[in-house]
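Just below is one structure, and these are the notes that go with it.
Quick note: numbers below take in every heavy atom, side chains included, and nothing from hydrogens, waters or symmetry partners. Position 1 is the first residue of the sequence, and the numbers go up from there.
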Amino acid sequence: MFTEHDDMSLAARDKARRDLLALQKRIAAMHELRNEMNRALARVHADNLDLALTQKKNLRRLSSEYDKLSRDVRCLPPMDATAVLEDEYNYILTIGNIIETTRELKKGTKIEATARQGILDGLIQFYDGLRDELARQDAAAR
């Protein structure tokens with residue numbers, strides 16, 4: 001990862017190693033939370049869309065962990081740090097949009113009937129795709 005290892009002191013190498021281990025732990029914890037959220041969201045169907053709203057608290061926790069991650073990635077080269085942050089940010093943004101859209105629909109926000117149906121269809125398609133993805137992951141793990 002780093003090309004300057006030969007020039008690093010033993011203390012600097014130890015710090016870099018500790019920083020990388022801390023980063024790996026944070027990413028693993030975030031992915032576990034994402035997996036927990038995905039499993040919960042996979043239970044959402046057309047007749048229980050508001051079940052998605054139960055993940056707001058986990059989304060806030062994930063966002064908080066993302067803030068910490070943005071500090072922890074300093075031990076990586078800039079392009080690697082960007083890739084790590086982008087993946088996590090995109091997940092948070094997507095799930096946040098899904099939850100907010102569900103909340104607006106539940107709230108009864110005035111939306112034209114055809115637009116409302118299109119939004120509902122899109123949400124259902126998202127949840128169906130999530131269930132399919134989790135099933136593929138489970139099959140691959142066996």
Side-chain angles (χ1 to χ4, degrees), residues 1-5 8-142:
M1 190 177 293
F2 297 115
T3 57
E4 307 88 32
H5 278 295
M8 293 176 74
S9 69
L10 186 55
R13 287 183 198 173
D14 285 344
K15 182 180 179 339
R17 188 177 306 112
R18 283 191 309 274
D19 290 347
L20 285 173
L21 286 173
L23 177 62
Q24 289 173 332
K25 285 180 182 178
R26 177 148 338 266
I27 291 170
M30 289 181 74
H31 285 200
E32 183 55 39
L33 184 54
R34 282 173 60 166
N35 290 340
E36 179 183 327
M37 291 176 66
N38 285 342
R39 287 189 299 273
L41 291 171
R43 296 189 332 253
V44 175
H45 293 278
D47 58 341
N48 67 350
L49 279 177
D50 58 337
L51 184 61
L53 301 178
T54 64
Q55 294 307 301
K56 286 172 65 173
K57 182 177 179 181
N58 281 336
L59 186 62
R60 281 191 300 274
R61 282 179 43 210
L62 192 61
S63 292
S64 175
E65 288 297 315
Y66 178 84
D67 292 342
K68 295 172 190 172
L69 178 69
S70 66
R71 290 186 299 269
D72 290 349
V73 296
R74 290 184 209 146
C75 65
L76 296 175
M79 293 303 289
D80 293 339
T82 300
V84 168
L85 291 173
E86 183 178 27
D87 182 45
E88 300 304 327
Y89 178 80
N90 286 339
Y91 179 86
I92 292 168
L93 185 64
T94 299
I95 299 304
N97 286 338
I98 293 293
I99 290 173
E100 182 61 22
T101 300
T102 301
R103 189 182 71 76
E104 288 297 318
L105 289 175
K106 183 178 184 216
K107 200 168 74 170
T109 301
K110 291 192 181 226
I111 302 172
E112 181 185 325
T114 55
R116 178 177 289 277
Q117 188 58 50
I119 293 168
L120 284 170
D121 291 346
L123 286 172
I124 299 306
Q125 186 177 8
F126 170 81
Y127 293 118
D128 289 345
L130 180 60
R131 278 188 295 282
D132 290 346
E133 178 63 27
L134 290 177
R136 279 192 297 277
Q137 288 175 1
D138 285 345
R142 291 182 189 151

What do the steps show when you test Leu123 against Leu105 for side chain to side chain contact (heavy atoms under 4.5 Å, CB included), and what is the final call?
-> CA-CA 11 Å; Leu123 286 172; Leu105 289 175; 3.5 Å; yes

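- Remark: Asp138 CG to Leu134 CG distance equals 6.5 Å, nearest 0.5 Å.
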May I have the step-by-step check of side chain to side chain contact (heavy atoms under 4.5 Å, CB included) for Leu20 and Leu76, ending in yes or no?
-> CA-CA 8 Å; Leu20 285 173; Leu76 296 175; 3.7 Å; yes

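- Looking at every heavy atom in both residues, Arg26 comes nearest to Asp72 through NE-OD2, 2.6 Å.
- Checked for salt-bridge contact, Asp67 and Arg71 miss the test: no charged N lies under 4.0 Å from a carboxylate O.
- Taking all atoms of both residues into account, the shortest heavy-atom contact from Ile111 to Arg116 is CG2-N, 3.6 Å.
- Note that the CD atom of Glu86 and the CG atom of Leu93 stand 11.0 Å from one another [nearest 0.5 Å].
- Taking CG from Leu33 and CG from Asn38, the interatomic distance works out to 9.5 Å, rounded to the nearest 0.5 Å.
- Side-chain contact between Glu88 and His31 is present, with at least one heavy-atom pair separated by less than 4.5 Å.
- Taking the charged nitrogens against the carboxylate oxygens, Lys68 and Glu65 do have a contact shorter than 4.0 Å, which makes a salt bridge.
- The two residues Cys75 and Asp19 come nearest to each other via the heavy atoms CB-CB, 3.7 Å.
- Of all heavy-atom pairs spanning Leu62 and Met37, the tightest one is CD2-SD, 4.1 Å.
- Interatomic distance, CD of Glu100 versus CG of Leu59, reported as 10.5 Å (0.5 Å rounding).
- The number of heavy atoms from other shown groups lying within 6.0 Å of OH (Tyr91) is above 12.
- Residues Ile95 and Phe126 are in side-chain contact: their nearest non-hydrogen atoms beyond the backbone lie under 4.5 Å apart.
- Scanning all heavy atoms of the two residues, the minimum distance from Leu85 to Tyr66 falls at O-CE1, 3.4 Å.
- Counting heavy atoms from C-beta outward, Leu49 and Lys106 have side chains that stay 4.5 Å or more apart.
- Between Arg43 and Glu36 no salt bridge is recorded (no basic side-chain N to carboxylate O distance below 4.0 Å).
- Counting only N and O atoms by type, the side chains of Asn48 and Tyr127 include no donor and acceptor under 3.5 Å apart.
- No side-chain donor-acceptor contact under 3.5 Å links Arg61 to the backbone of Met30.
- A heavy-atom distance below 4.5 Å is found between the side chains of Leu23 and Leu69.
- Remark: the backbone N or O of Arg60 is not paired with any side-chain donor or acceptor of Ser64 at under 3.5 angstrom.
- Taken from NE2 in His45 to CG in Asp128, the straight-line distance is 8.0 Å, to the nearest 0.5 Å.
- In terms of heavy atoms, Gln55 sits closest to Ala40 at NE2-CB, 3.3 Å.
- In this structure, CD1 on Ile99 lies 11.0 Å from CZ on Arg103, to the nearest 0.5 angstrom.
- Between the side chains of Asp121 and Gln117, at least one donor N or O lies within less than 3.5 Å of an accepting N or O.
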